[in-house]
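Here's the structure, in structure tokens; my notes come after.
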Amino acid sequence: MALIKVPTRGRVALTDSDMPAGAVLQVVTAELTTRVSMATQSFQNTGLIGYITPSLASSKILITVSFGRIQTTQSTNDHGCAVRLMRGSVDSDLNGVASSSRSRVMFTTGGASFNNEHANGGFSITGIDSPNTTSQITYNVQAWPQSSSYPIIINGTDLDTNVSNQFYASRTKAIITMMEIQG
């Protein structure tokens with residue numbers, strides 16, 4: 001790593017291009033705090049969307065997508081869902097590698113772990129995307145339930161019971177964090 005010498009008197013304006021490779025140039029975050037239910041059997045927007053405008057075309061974007069809870073309502077841990085991250089209208093580099101006609105996704109998960117009040121949770125994935133642009137990027141998290149009979153529930157449970165003394169009825173949130181990294 002190169003050291004940048006700053007004079008003891010006067011001010012020096014550093015630009016993003018003056019920063020060493022690997023330096024964090026900016027951090028942007030977005031949250032989805034509402035309970036979401038999705039039954040359409042195709043990829044749909046979850047409502048978790050992040051925007052970032054890279055300052056350099058050579059920058060990489062370090063992205064973390066986290067869900068406190070996401071699962072389908074099938075109580076036998078069957079009929080899961082797939083989650084992907086789109087960069088505009090194309091797959092981001094966080095999705096899996098293309099293979100024949102298989103969908104590219106970040107991760108999949110099963111149904112509810114016991115019943116409609118218990119839910120899987122604590123899913124997070126981090127990776128590097130290489131957008132090669134200085135235009136604003138829209139990162140959109142999408143999900144697809146395996147069966148329209150068992151909707152995806154995000155940030156809550158299927159029954160959504162208002163029970164104050166049971167942690168399993170608690171609400172969570174989903175977060176996307178984007179860090180521009182000097183290339």
Side-chain angles (χ1 to χ4, degrees), residues 1-36 38 40 42-71 81-109 120-144 152-156 171-183:
M1 171 164 51
L3 294 175
I4 299 172
K5 293 185 179 184
V6 178
T8 56
R9 296 177 205 221
R11 296 178 184 212
V12 174
L14 295 176
T15 65
D16 289 342
S17 60
D18 293 328
M19 300 302 289
V24 176
L25 303 180
Q26 64 174 310
V27 178
V28 181
T29 189
E31 298 179 348
L32 174 65
T33 59
T34 58
R35 179 186 172 275
V36 175
M38 303 169 58
T40 303
S42 64
F43 279 111
Q44 301 293 309
N45 297 338
T46 62
L48 182 56
I49 301 171
Y51 304 93
I52 190 169
T53 304
S55 55
L56 302 168
S58 61
S59 293
K60 307 296 184 195
I61 309 298
L62 178 65
I63 303 170
T64 299
V65 177
S66 301
F67 286 90
R69 285 185 170 167
I70 183 171
Q71 81 288 322
C81 64
V83 179
R84 71 181 183 184
L85 180 65
M86 301 300 289
R87 179 193 333 121
S89 61
V90 300
D91 282 288
S92 75
D93 296 338
L94 274 70
N95 296 335
V97 178
S99 177
S100 189
S101 62
R102 295 173 184 90
S103 297
R104 295 181 62 194
V105 302
M106 284 191 302
F107 68 88
T108 62
T109 182
N120 294 316
F123 298 100
S124 184
I125 190 163
T126 300
I128 296 283
D129 191 48
S130 302
N132 194 29
T133 186
T134 56
S135 298
Q136 184 184 58
I137 304 167
T138 301
Y139 285 109
N140 192 355
V141 180
Q142 298 180 332
W144 178 347
I152 296 170
I153 305 296
I154 300 171
N155 293 337
R171 286 288 177 87
T172 63
K173 63 182 174 180
I175 303 167
I176 182 169
T177 302
M178 300 148 290
M179 299 172 60
E180 181 182 3
I181 308 296
Q182 168 77 325

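Basis for what follows: all heavy atoms, side chains included, without hydrogens, waters or symmetry-related copies.
- In this structure, OG1 in Thr133 is found 11.5 Å from CG in Leu56, a value given to the nearest 0.5 Å.
- Thr134 and Thr53 make their closest contact through O-CG2, 3.3 Å (heavy atoms, listed as atom of the first residue, atom of the second, distance).
- Across all non-hydrogen atoms, the minimal contact from Asn45 to Met38 is O-CE, 3.8 Å.
- Applying the side chain to side chain donor-acceptor pair (under 3.5 Å) test to Ser99 and every residue at least two apart in sequence or in another chain returns Arg102.
- When all heavy atoms are compared, the tightest approach of Asn155 to Ala174 is OD1-N, 3.4 Å.
- Here the shortest heavy-atom pairing between Ile70 and Cys81 reads CG1-SG, 4.2 Å.
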Evaluate the criterion side-chain hydrogen bond (donor to acceptor under 3.5 Å, both in side chains) for residue pair Ser42 and Gln44; output intermediate values, then yes/no.
-> CA-CA 6 Å; Ser42 64; Gln44 301 293 309; 2.8 Å; yes
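- The line from OG of Ser59 to CD1 of Ile128 is 11.0 Å long, rounded to the nearest 0.5 Å.
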Derivation and outcome, side chain to side chain contact (heavy atoms under 4.5 Å, CB included), residues Tyr139 and Met86 | CA-CA 6 Å; Tyr139 285 109; Met86 301 300 289; over 6 Å; no
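- For the residue pair Thr64 and Ser124, the shortest heavy atom distance occurs at CG2-OG, 3.6 Å.
- In terms of heavy atoms, Met178 sits closest to Ile61 at CB-CG2, 4.0 Å.
- Going from atom CD of Gln71 over to atom CZ of Phe123 covers 8.0 Å, rounded to the nearest 0.5 Å.
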Walk me through it: do Ile176 and Thr29 pass the test side chain to side chain contact (heavy atoms under 4.5 Å, CB included)?
-> CA-CA 6 Å; Ile176 182 169; Thr29 189; 5.8 Å; no
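- For the side-chain contact (heavy atoms from CB on, under 4.5 Å) with Arg87, the lone residue among Leu94, Thr138, Asp93 that qualifies is Asp93.
- Remark: Ser55 pairs with Asp16, Glu180 by the side chain to side chain donor-acceptor pair (under 3.5 Å) rule, at least two apart or across chains.
- Atom CZ of Arg69 sits about 12.5 Å away from atom OG1 of Thr109, to the nearest 0.5 Å.
- The structure places CG of Asn95 at 9.0 Å from CG of Asp129, a figure rounded to the nearest 0.5 Å.
- Note: Phe107 and Phe67 have perpendicular aromatic rings, judged against thresholds of 30 and 60 degrees for the angle between ring planes.
- The main-chain N or O of Ala143 is never found under 3.5 Å from a side-chain atom of Thr46 such that the two would form a donor-acceptor pair.
- How far CD1 of Ile63 is from CD1 of Ile125: 10.5 Å, rounded to the nearest 0.5 Å.
- Under a 3.5 Å cut-off, the side chain of Ser103 and the backbone N or O of Val105 do not form any donor-acceptor pair.
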